[in-house]
Amino acid sequence: MNQVTPRQELGDPTSQRQSSRTLRAIDFFNEIDDATLILLERHLTRLAIRAGGQLFAEGDESDALYIVIAGRLEIRVADAGADDGMRPVAQIGAGEVVGELGVLTGERRSAGVWAVRDTELIMLGRMAFETLMTESPKSIISLTRLIARRLVNETKSRKAQPAISTVCLVPLSPAVNLDILRDVIASGLDEIGTLKVVESDCADHTSDWFHREEEHHDSLLYVAEAGCSGWTQLCIRQSDLILLVVEPGDPRPDNKVIDYLNAFAGGRICHLVTLQKADRDLPDPAPGWTHQISVRTRWNIALSTEEGRGRLARIASGRTVALVLSGGGARGFAHLGVVKAIQEQGIPIDQIGGTSMGALLAGGIAMGWSVEVFRKRLYATFIDVNPVGDYTIPLHSFARGRRLSRLLREHFRDAEARSLWLPFFCTASNLTRGDAVRLDKGPVWRMIRASLSIPGLVPPVLNGRDVMVDGGLINNLPVDEMVKVNLGPVIGVDVGRAEGSFTLDPEVCEAGSERLLPSMSAPSIVGVLMRSATVAGETNNRGAEDVADHVLYPDVSGVSILNWKAIDEMIDRGFECVNVTETRAQLTALCSSYDISPR
């Protein structure tokens with residue numbers, strides 16, 4: 001049953017509302033002639049639905065199609081594996097249509113639709129639709145052509161991410177300096193188009209005024225107040241992206257703020273920004289109570305630095321640059337050269353993730369280690385000490401894993417994933433459930449230890465009753481995980497591909513085990529285990545280029561995955577991979593397509 005009813009109660013999430021705007025002012029109807037438009041006007045109903053309200057449910061009768069005039073809707077399907085039993089599949093913005101397929105086919109709703117912002121719609125009921133088919137077949141042809149064209153445009157989109165047109169700045173503490181934050185965020189939004197800053201002196205304007213401002217500007221920046229005032233509530237309901245700002249040690253705000261944010265968290269992008277002092281080795285943790293708020297990404301920003309201000313501007317405008325690093329044993333050292341070249345080119349790295357050896361490299365970059373400091377740490381870990389050299393009787397693995405754990409703890413200390421300079425995740429393979437799992441909270445060293453746990457070589461890491469091993473086993477380049485959270489460009493680095501570099505002389509195999517001596521040129525059992533751990537994941541990587549904006553492939557040929565002494569050679573190869581004139585031009589063009597200017 002249709003959940004939108006023409007009720008006027010102030011507290012009701014849905015109500016019918018009159019609008020002074022004509023159909024001609026709505027983008028969807030631009031291509032329809034005047035006579036058809038006049039006929040359509042008689043059969044259309046104008047509706048408004050509050051953020052959080054449901055338009056229709058999965059299984060409902062398909063009794064109407066809807067055109068979004070302003071606001072945003074989200075389509076969700078039932079999914080027992082999702083936290084709330086519903087899985088988002090798409091968002092519908094201004095000028096788009098929802099519910100049309102059910103009206104055309106006569107079948108019941110295949111998904112439910114909710115408003116994620118205060119939304120104004122036009123409804124065309126099925127009976128009115130059928131009347132129009134009889135009275136004016138031309139109008140139906142016009143409508144179906146527009147619908148088909150929009151469906152085609154939607155399928156061309158690489159990322160299932162909503163467009164950002166309204167941003168809301170919410171201080172969670174009265175101590176937060178709103179003036180500085182507003183100016184930094186506004187500068188980022190100014191770079192991508194026309195901007196209107198909307199503050200509390202606009203609170204008395206009508207909904208039509210807000211809709212018109214959104215139509216006439218590329219972006220609106222709503223500046224909310226501390227607390228849960230009516231103005232702050234309106235700002236939250238009107239926004240595609242919400243920036244919650246807090247400082248370490250801030251006291252817990254009124255419960256109403258947290259409850260209101262969580263009530264409207266679904267379907268929109270919500271970031272937590274913790275303001276930091278630049279002289280810290282690692283950021284101070286966000287207040288513990290912030291973990292009760294549902295957010296997409298947690299950022300630590302030093303506003304006193306140019307880097308911090310630039311990152312905040314990119315966060316607000318959906319242009320953060322993300323890097324994803326693959327597994328590949330010693331070949332993974334090439335990642336450090338890639339990072340060095342990208343940084344020298346002036347391309348920012350705003351968040352980072354990886355798997356297996358890529359998890360180790362990504363974790364260090366997120367900690368804020370410079371390339372040279374990181375290089376020294378790699379020497380201390382892989383050349384001065386073999387991290388997997390504590391061999392034992394192979395009951396669970398060839399190595400005890402204690403040495404690897406100790407080295408990781410020495411380098412990453414007690415760092416927590418949510419208290420790093422860059423948002424960081426890594427992936428592991430869950431043998432208990434048979435799937436890949438994203439790790440983005442808890443001790444960094446333990447996350448990386450799980451992602452590095454090559455089956456048979458080092459013991460797995462237990463997460464409750466789940467057995468976690470090397471992430472490359474299932475997905476050796478998890479760009480798909482990064483695309484879920486990053487709105488800007490996603491760059492992958494794949495060091496796993498090295499066809500022909502892992503071979504064995506057939507004569508050695510046929511001669512029997514007595515010929516497999518250390519002096520022979522044959523892969524060791526450790527090498528076989530490491531290679532086996534990434535083969536399946538590399539096969540799954542073949543579609544990475546369809547997901548990421550760009551994938552880099554450093555030349556790793558001829559380098560064994562166990563050649564820990566190849567640190568400098570691999571760093572140089574990674575640097576050269578990016579420094580090729582063609583690649584530099586491609587990365588520059590990629591940044592330009594997102595309106596990102598290299599520093």
Side-chain angles (χ1 to χ4, degrees), residues 158-159 161-170 176 178 180-195 197 217-223 239-246 268-276 278 283 295-324 339 342-353 362 365-366 368 418 420-425 479 481-492 548-550 587-599:
R158 178 186 62 83
K159 297 179 182 178
Q161 298 281 14
I164 303 299
S165 59
T166 54
V167 178
C168 176
L169 171 60
V170 182
V176 170
L178 271 180
I180 295 176
L181 288 165
R182 179 196 58 218
D183 292 345
V184 170
I185 293 169
S187 69
L189 295 171
D190 261 333
E191 292 177 356
I192 59 174
T194 57
L195 169 67
V197 178
H217 297 86
D218 295 304
S219 302
L220 297 188
L221 172 58
Y222 286 86
V223 182
S239 299
D240 299 318
L241 185 149
I242 300 172
L243 290 175
L244 308 175
V245 183
V246 68
R268 68 190 65 213
I269 300 165
C270 188
H271 294 301
L272 178 74
V273 174
T274 303
L275 301 179
Q276 301 286 345
V295 299
R296 174 179 287 205
T297 308
R298 297 170 182 271
W299 304 86
N300 293 297
I301 299 292
L303 273 182
S304 61
T305 67
E306 182 181 353
E307 180 182 22
R309 292 190 296 273
R311 181 164 297 135
L312 180 60
R314 289 189 296 277
I315 293 168
S317 54
R319 297 177 296 149
T320 49
V321 182
L323 195 63
V324 183
V339 170
I342 286 176
Q343 290 175 337
E344 288 189 4
Q345 193 172 338
I347 297 174
I349 300 173
D350 296 308
Q351 56 181 322
I352 194 165
I365 299 301
R418 291 177 172 176
L420 303 179
W421 285 114
L422 298 182
F424 161 72
F425 77 86
V479 290
E481 287 295 329
M482 186 63 84
V483 165
K484 292 176 183 177
V485 297
N486 193 69
L487 293 175
V490 174
I491 302 170
D549 291 89
H550 192 83
L587 292 176
T588 299
L590 172 61
C591 289
S592 296
S593 70
Y594 282 90
D595 294 311
I596 299 170
S597 300
R599 296 189 300 271

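None of the values given here were measured: they were computed from a predicted structure. What you see below is based on every heavy atom in this structure, not just the backbone, and it leaves out hydrogens, waters and symmetry mates. For the single chain, residues carry numbers from 1 onward in sequence order.
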Colleague: Asp183: which residues meet the side chain to side chain contact (heavy atoms under 4.5 Å, CB included) condition with it, sequence neighbours left out?
Modeller: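 Scan of Asp183 (side chain to side chain contact (heavy atoms under 4.5 Å, CB included), adjacent residues dropped) gives none.
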Colleague: If the condition is side chain to side chain donor-acceptor pair (under 3.5 Å), which residues does Asp190 pass it with, not counting sequence neighbours?
Modeller: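 By the side chain to side chain donor-acceptor pair (under 3.5 Å) rule, Asp190 matches no residue at all.
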Colleague: Apply side chain to side chain contact (heavy atoms under 4.5 Å, CB included) to residues Ile349 and Val321 and explain how you reach the verdict.
Modeller: CA-CA 5 Å; Ile349 300 173; Val321 182; 5.6 Å; no
Colleague: Under the side chain to side chain donor-acceptor pair (under 3.5 Å) test, which residues partner Thr274, sequence neighbours left out?
Modeller: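 Not a single residue meets the side chain to side chain donor-acceptor pair (under 3.5 Å) criterion with Thr274.
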Colleague: From Ile352 CD1 over to Leu323 CG, what is the distance, rounded to the nearest 0.5 angstrom?
Modeller: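 Here the rounded value is 4.5 Å.
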Colleague: Sequence neighbours left out, what passes side chain to side chain contact (heavy atoms under 4.5 Å, CB included) with Leu178? Give chain and number order.
Modeller: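 Checked Leu178 against side chain to side chain contact (heavy atoms under 4.5 Å, CB included); matches are Leu169, Pro171, Val223.
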Colleague: I need the minimum non-hydrogen distance between Ala316 and Ile164, along with the two atoms involved.
Modeller: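 Taking every non-hydrogen atom into account, O-CG2, 4.4 Å.
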Colleague: Check whether any side-chain heavy atom of Phe425 sits under 4.5 Å from a side-chain heavy atom of Gln351, and report yes or no.
Modeller: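 Contact flag for Phe425/Gln351 side chains = no.
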Colleague: Please list, chain by chain and in numerical order, all residues satisfying side chain to side chain contact (heavy atoms under 4.5 Å, CB included) with Ser317, sequence neighbours excluded.
Modeller: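 By the side chain to side chain contact (heavy atoms under 4.5 Å, CB included) rule, Ser317 matches Leu189, Ile192, Arg319.
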Colleague: Output the distance between atom CG (Leu195) and atom OG (Ser219), rounded to the nearest 0.5 Å.
Modeller: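 With rounding to 0.5 Å, CG (Leu195) is 6.0 Å from OG (Ser219).
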Colleague: State, with a plain yes or no, whether a side-chain heavy atom of Val245 is found less than 4.5 Å away from one of Ile301.
Modeller: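 The answer is no, as the side chains (C-beta and beyond) never meet within the 4.5 Å cut-off.
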Colleague: Rounded to the nearest 0.5 Å, how far apart are CG of Asp549 and CE of Met482?
Modeller: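 Between Asp549 CG and Met482 CE, I get 12.0 Å after rounding to 0.5 Å.
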Colleague: What's the shortest heavy-atom distance between Trp421 and Gly368, and which atoms?
Modeller: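 Closest approach of Trp421 to Gly368, heavy atoms only: CD1-CA, 4.4 Å.
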Colleague: Any side-chain heavy-atom pair from Ile491 and Leu587 closer than 4.5 angstrom?
Modeller: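 Counting from C-beta outward, Ile491 and Leu587 do come under 4.5 Å.
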Colleague: Considering residues at least two apart in sequence or located in another chain, which fulfil the side chain to side chain donor-acceptor pair (under 3.5 Å) criterion with Ser165?
Modeller: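 With sequence neighbours excluded, Ser165 shows a side chain to side chain donor-acceptor pair (under 3.5 Å) to Glu214, Asp240, given in chain and number order.
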Colleague: Can you tell me how far SG of Cys168 sits from CG of Leu244, rounded to the nearest 0.5 angstrom?
Modeller: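 These two atoms lie 8.0 Å from each other.
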Colleague: Trp299 pairs by side-chain contact (heavy atoms from CB on, under 4.5 Å) with which of Leu243, Leu312, Thr320, Leu422?
Modeller: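 For Trp299, the side-chain contact (heavy atoms from CB on, under 4.5 Å) check succeeds only for Thr320.
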Colleague: Could you go step by step and tell me if Val273 and Leu181 meet the side chain to side chain contact (heavy atoms under 4.5 Å, CB included) rule?
Modeller: CA-CA 11 Å; Val273 174; Leu181 288 165; 5.8 Å; no
Colleague: Going by the rule side chain to side chain donor-acceptor pair (under 3.5 Å), which residues pair with Thr305 if we only count those two or more places apart in sequence or in a different chain?
Modeller: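 With sequence neighbours excluded, Thr305 shows a side chain to side chain donor-acceptor pair (under 3.5 Å) to no residue whatsoever.
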Colleague: Please report the closest heavy-atom contact between Tyr222 and Ser239, naming both atoms and the distance.
Modeller: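 Smallest interatomic distance, heavy atoms only, reads CD1-OG, 4.0 Å.
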Colleague: So, for Ala313 and Gly188, which heavy atoms are closest and what is the spacing to 0.1 Å?
Modeller: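 Minimum heavy-atom contact is CB-CA, 3.6 Å.
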Colleague: Does any part of the side chain of Leu487, heavy atoms only, come nearer than 4.5 Å to the side chain of Arg296, both counted from C-beta?
Modeller: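 Yes, at least one pair of side-chain atoms sits under 4.5 Å.
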Colleague: Decide yes or no for Val246 and Val176: does some side-chain heavy atom of the first lie under 4.5 Å from some side-chain heavy atom of the second?
Modeller: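 Counting from C-beta outward, Val246 and Val176 never come under 4.5 Å.
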Colleague: Would you call Leu590 and Ile347 a side-chain contact if the rule is heavy atoms closer than 4.5 Å?
Modeller: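 The answer is no; the side chains never approach within 4.5 Å.
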Colleague: To the closest 0.5 Å, what do you measure between CD1 (Ile242) and NE2 (His271)?
Modeller: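 With rounding to 0.5 Å, CD1 (Ile242) is 10.5 Å from NE2 (His271).
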Colleague: Could you pull out all residues at least two apart from Arg314 that satisfy salt bridge (charged side-chain N to carboxylate O under 4.0 Å, His left out)?
Modeller: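 Expected list: Asp350.
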Colleague: Once salt bridge (Lys or Arg N to Asp or Glu O under 4.0 Å) is applied, what residue pairs with a partner in residues 297-307 remain, sequence neighbours excluded?
Modeller: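 Output for this query lists Glu307-Arg311.
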Colleague: Would you please name every residue forming a side chain to side chain contact (heavy atoms under 4.5 Å, CB included) with Ser592, sequence neighbours left out?
Modeller: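 Counting only residues at least two positions away or on another chain, Ser592 forms a side chain to side chain contact (heavy atoms under 4.5 Å, CB included) with Thr588.
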